[in-house]
Trainee: 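Input: one structure, supplied below.
Below, chain A is the first sequence line, B the second, and so on; all start at residue 1.
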There are 2 protein chains.
Amino acid sequence: MGRELMNNISVDCVVFGFDSEQLKVLLVERTMNEANSDKILFTDLTLTGYHIYKDEELDEAAARIVFDLTGLNNLVLEQFYTFGALDRLEHPNDQLWLEQFGDVFSKRVVTVGYYSLLPSTEVPVIQKGRKVAWYPVNEVRNLAYDHEQILKKALEHLRYKVRHEPIGFELLPVKFTLTQMQKLYEAILGTQFDKRNFRKKVSQMNYVVPLKEKQIGVAHKPAQLFMFSRDVYDKTHKERFDFFI
Amino acid sequence: MGRELMNNISVDCVVFGFDSEQLKVLLVERTMNEANSDKILFTDLTLTGYHIYKDEELDEAAARIVFDLTGLNNLVLEQFYTFGALDRLEHPNDQLWLEQFGDVFSKRVVTVGYYSLLPSTEVPVIQKGRKVAWYPVNEVRNLAYDHEQILKKALEHLRYKVRHEPIGFELLPVKFTLTQMQKLYEAILGTQFDKRNFRKKVSQMNYVVPLKEKQIGVAHKPAQLFMFSRDVYDKTHKERFDFFI
DNA sequence: CAATAATGTGTATCTTTAACACTATAAAAT
DNA sequence: ATTTTATAGTGTTAAAGATACACATTATTG
């Protein structure tokens, strides 16, 4: 077959995860060796992205990229911004890296940014020989290309979105406790909530449904488990607007 | 010189305006004649857009496109979404139209959507032989390509944005009345506000400053004029978040 | 069986929102 | 000059929502 790539359009994906404490992002280590040697010229981190195929929808490309990285399908994927600055690939390290590929890619690449949300624990940490790992979003530094800017914009968009749509649940296990949910929103929004007031609010969200199950194996009073019902949400929110806090 | 175009990346601009009553969008008439004849094959409406140059930033391209249409500079320009569906140029009319340009443009064009806000009255209605006119956003039909989808997404984004940032003032004259301001927000958000409650809220916005001027030449009690102060806004909103209603 | 560690719950105060109707003023018409 | 017209401008009360705050409960572990 041999699908044809577009040499000047790519999709970059910011993969967010949550580990019960912190909001994290999945990054790939990039190591540049000297030609025909083991000597490492530099090592840094990148988001994952790839050029799109000529016969591929943007959303498809994003799904493919996240699948290649995580092996997961059917994740939430949200396009948030497109980056095309003339100098976005011009850092010396990036130039050096891109030289490897010769003329396959254009010097001017416009990249469409997507983010994706997954419960971090479900994801293996190495894929296809690449070194992939979770990093707390607040501690990320030295990303390749313009990926810091892309990450920043993705975060802004996520913060925005999470207040208006029940998208946060994608970052939680199917069954979660209210403490986990509170910590998640605190991590994303960078705030603190009062436990009683938080629960009062959640108890009004009839799409956050209590299960007849409790946590097991925890060294303290086990919490009740809840799940998000998209069904209930869709039915009760036909006309409504705001979601949260 | 001869700047080189990218044949597969374009920018499309949704130009919004407000005429004291309705939210409007600037559209360009597209008339397709039969080859070497006056017979009109079809007439429809488009947003304005153009391919980007290889040495041109996306924001620059958007500014250029709006300038070509309106002769205005320094407008608010906001990127809101990127459209790259495989079938976005495949309607028969669009195919017919694009044939004129031969192979200049790729069959697969990804377009970055921007919108721009201007007080409609400042804008001339014909530019460079093109027939350009304002249409109420709610009554727009039969746009070329995927431009209806693009307009819809722009509107959504504008509605979102206008609630959180003082961007609505870009659609008002520099000096405006509170009634104009209220009508503007009603038009964008598709709601109605109570006059007294609206004014109560605005009076808490210290960046909406009363002038020592009134309307003149109106056949009724003249209203006080106000203006938006970006200065005051920036100073008082260093840490704050929400803007409106 | 005591210590630990987190869960789960109610009330009072303050703030914000929502609903509602009449007087004031300039220009235009008589 | 007087009346008509059209829009500006203004305050109060009731309801809803947000905030602040402390202690008893319950599995597990040692």
Side-chain angles (χ1 to χ4, degrees), chain A residues 18-22 162-164 172-173 175-187 189-227 236-237 239-245, chain B residues 18-22 163-164 172-173 175-187 189-206 208-227 236-237 239-245:
Chain A
F18 180 68
D19 68 356
S20 286
E21 285 299 328
Q22 286 182 296
V162 97
R163 289 173 161 265
H164 300 278
L172 293 173
K175 301 173 184 183
F176 54 86
T177 70
L178 295 185
T179 301
Q180 286 174 314
M181 181 176 166
Q182 181 176 344
K183 287 239 171 89
L184 171 69
Y185 278 94
E186 290 176 341
L189 300 174
T191 50
Q192 300 259 98
F193 301 117
D194 174 87
K195 184 162 64 160
R196 277 174 287 190
N197 294 337
F198 183 87
R199 282 160 189 248
K200 212 180 297 167
K201 188 125 341 93
V202 172
S203 72
Q204 289 159 220
M205 302 175 184
N206 49 3
Y207 44 85
V208 177
V209 301
L211 303 174
K212 285 179 191 122
E213 272 183 81
K214 295 181 171 197
Q215 277 182 312
I216 46 174
V218 289
H220 53 76
K221 178 171 176 178
Q224 182 166 23
L225 294 170
F226 289 76
M227 65 177 287
T236 55
H237 275 249
E239 296 295 321
R240 285 233 129 270
F241 224 80
D242 277 332
F243 167 65
F244 205 78
I245 303 258
Chain B
F18 180 66
D19 68 356
S20 288
E21 285 297 326
Q22 286 183 296
R163 289 173 160 264
H164 300 279
L172 292 173
K175 302 174 182 181
F176 54 85
T177 69
L178 296 184
T179 302
Q180 286 175 315
M181 181 177 165
Q182 180 176 344
K183 287 239 173 90
L184 171 69
Y185 279 93
E186 289 176 342
L189 301 173
T191 49
Q192 300 261 98
F193 301 118
D194 174 88
K195 184 163 61 159
R196 278 173 288 191
N197 293 337
F198 183 87
R199 283 161 188 246
K200 213 180 298 165
K201 189 121 346 91
V202 173
S203 71
Q204 289 158 223
M205 301 176 186
N206 49 2
V208 178
V209 302
L211 303 174
K212 285 178 191 123
E213 273 183 79
K214 296 183 169 194
Q215 278 182 311
I216 44 172
V218 290
H220 54 77
K221 179 173 177 178
Q224 183 165 23
L225 294 170
F226 290 75
M227 65 177 287
T236 55
H237 274 248
E239 296 294 323
R240 286 233 126 271
F241 225 81
D242 276 333
F243 167 67
F244 207 77
I245 305 260

Trainee: Donor-acceptor pair, distance only, cut-off 3.5 Å: does the side chain of B:Gln180 make one with the backbone of B:Leu172?
Mentor: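 No; judged by distance alone, with no hydrogens or angles, the pair does not exist.
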Trainee: Hey, does A:Thr179 reach any base, or is it just sugar-phosphate, or nothing, if we go heavy atoms under 4.0 Å?
Mentor: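 Sugar-phosphate only.
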Trainee: Which pairs, with at least one residue in residues 211-220 of chain A and sequence neighbours excluded, count as a side chain to side chain donor-acceptor pair (under 3.5 Å)?
Mentor: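 For residues 211-220 of chain A: A:Lys175-A:Glu213.
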Trainee: For B:Val208 and B:Met227, what are the C-alpha separation, side-chain angles and deciding distance, and is it a side-chain contact (heavy atoms from CB on, under 4.5 Å)?
Mentor: CA-CA 6 Å; B:Val208 178; B:Met227 65 177 287; over 6 Å; no
Trainee: If I take atom CZ in residue B:Phe193 and atom P in nucleotide C:dC20, what distance separates them, rounded to the nearest angstrom?
Mentor: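 The answer, rounded to whole Å, is 17 Å.
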Trainee: Let me know the distance between NE2 of A:His220 and C1' of C:dA6, rounded to the nearest Å.
Mentor: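 The answer, rounded to whole Å, is 5 Å.
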Trainee: Once you round it to whole Å, what is the distance between P of C:dT15 and CD of B:Gln204?
Mentor: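 About 12 Å, once rounded to whole Å.
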Trainee: Rounded to whole Å, how long is the line connecting atom NZ of B:Lys201 with atom P of C:dT16?
Mentor: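 My rounded result for the distance is 10 Å.
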Trainee: When only distance counts, do a donor and an acceptor, one from the side chain of A:Lys200 and one from the base of C:dT11, lie under 3.5 Å apart?
Mentor: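 Donor-acceptor pair under 3.5 Å: yes.
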Trainee: Pick out which of A:Lys201, A:Arg199, A:Lys200, A:Lys195 makes a side chain to side chain donor-acceptor pair (under 3.5 Å) with A:Asn197.
Mentor: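 Checked A:Lys201, A:Arg199, A:Lys200, A:Lys195 against A:Asn197; only one passes side chain to side chain donor-acceptor pair (under 3.5 Å): A:Lys200.
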Trainee: Rounded to the nearest angstrom, tell me the gap between atom CZ in A:Arg199 and atom P in C:dG10.
Mentor: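 Atom-to-atom, A:Arg199 to C:dG10, this comes out as 13 Å.
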Trainee: I'd like to know if A:Lys195 reaches the base of C:dG8 with its side chain such that a donor and an acceptor end up less than 3.5 angstrom apart.
Mentor: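 Side chain to base: pair found, below 3.5 Å.
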Trainee: Please confirm whether the backbone N or O of A:Pro210 pairs with a side-chain atom of A:Gln224, one donor and one acceptor, at under 3.5 Å?
Mentor: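 No, because the side chain of A:Gln224 does not come within donor-acceptor range (under 3.5 Å) of the backbone of A:Pro210.
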Trainee: To the nearest angstrom, how far is B:Asn197 atom CG from D:dA15 atom P?
Mentor: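 B:Asn197 atom CG is separated from D:dA15 atom P by 16 Å.
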Trainee: Taking all non-hydrogen atoms of both residues into account, name the closest pair between A:Phe193 and A:Gln182 and its distance.
Mentor: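 Smallest heavy-atom distance, with atoms named: O-NE2, 2.9 Å.
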Trainee: Please give, in whole Å, the distance from C:dA3 P to A:Lys221 NZ?
Mentor: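 After rounding, the reported distance stands at 20 Å.
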Trainee: Tell me which of B:Asp194 and A:Arg196 sits closer to the 5' end of DNA chain C, going by the nucleotide each one is nearest to.
Mentor: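 Counting from the 5' end, the first nearest nucleotide belongs to A:Arg196.
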Trainee: Using whole Å, what does the distance between atom P of nucleotide C:dT7 and atom CD of A:Gln224 come to?
Mentor: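 Rounding to the nearest Å, CD of A:Gln224 and P of C:dT7 are 13 Å apart.
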Trainee: Of all of residues 212-219 of chain A, which get a heavy atom below 4.0 angstrom from DNA chain D, listed by number?
Mentor: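 By residue number: A:Lys214, A:Val218, A:Ala219.
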Trainee: Could you tell me which non-hydrogen atom of B:Phe226 sits nearest to which non-hydrogen atom of B:Leu178, and how far apart they are?
Mentor: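 Between these two residues, the closest heavy atoms are CE1-CG, 3.5 Å.
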